[in-house]
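Just so you know, residue 1 is the first one in the sequence shown, and it goes up from there.
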Amino acid sequence: MKLGFMTIAKVYRKKDVQEITDRATGRVTGEYYPVILDDGEDTLDATVPKDVYNGIEEDKIYLFAGTYDDRFKSCLLYTSPSPRDKRQS
């Protein structure tokens with residue numbers, strides 16, 4: 001379920017722009033724009049659109065609005081070793 005949110009937060013830090021790479025081909029397929037926000041109680045790692053990233057400054061306060069998809073709040077991406085990987089000795 002997608003949830004809307006609004007928060008007033010200071011841009012604590014703009015991280016370096018990151019490339020999105022296709023694992024199968026190794027080709028760069030896009031970029032994402034990570035920032036760290038601070039709302040006075042918590043910090044939040046977030047990504048923002050390119051135009052927002054280019055228009056915001058560190059240590060300034062902004063109103064952010066967006067959506068949060070709760071299907072991914074506790075997504076397990078990888079565990080090792082899996083039962084298949086265990087070798088019998």
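- Ile36 and Val17 fall into different hydrophobic clusters, where Ile, Leu, Val, Met, Phe, Trp and Tyr residues are linked whenever their side-chain heavy atoms come under 4.5 Å apart, directly or through other members.
- A donor-acceptor contact shorter than 3.5 Å is absent between the side chain of Thr43 and the backbone of Asp38.
- In the hydrophobic clustering of this structure, Ile61 does not group with Val35; members are Ile, Leu, Val, Met, Phe, Trp, Tyr whose side-chain heavy atoms approach within less than 4.5 Å, directly or through other members.
- Asp39 and Lys10 are not joined by a salt bridge, as no carboxylate oxygen comes within less than 4.0 angstrom of a charged side-chain nitrogen.
- With rounding to the nearest 0.5 Å, the separation of CG in Asp16 from CD in Glu31 is 11.5 Å.
- The number of heavy atoms from other shown groups lying within 6.0 Å of OH (Tyr12) does not exceed 12.
- Hydrophobic cluster membership is shared by Ile56 and Leu44, with clusters built from Ile, Leu, Val, Met, Phe, Trp and Tyr side chains linked at under 4.5 angstrom.
- Here the side chain of Tyr62 pairs a donor or acceptor atom with the backbone of Glu57 at under 3.5 angstrom.
- Atoms OG1 and CD, on Thr7 and Glu41 in that order, are 9.5 Å from each other to the nearest 0.5 Å.
- For the atom pair Asp59 CG and Arg13 CZ, the distance stands at 12.0 Å (nearest 0.5 Å).
- Taken from CE in Met6 to CD1 in Ile8, the straight-line distance is 8.0 Å, to the nearest 0.5 Å.
- Judged purely by atom type and a 3.5 angstrom limit, Glu19 has no side-chain atom pairing as donor or acceptor with the backbone of Gly30.
- In this structure, Glu58 and Lys14 approach most closely via the heavy-atom pair OE2-N, 2.8 Å.
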Would Tyr33 and Thr47 satisfy side-chain contact (heavy atoms from CB on, under 4.5 Å), going step by step from the backbone distance to the final call?
CA-CA 5 Å; Tyr33 304 87; Thr47 57; 5.8 Å; no

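- Hydrophobic clustering (side-chain heavy atoms under 4.5 Å, transitive across Ile, Leu, Val, Met, Phe, Trp, Tyr) groups Val52 together with Leu37.
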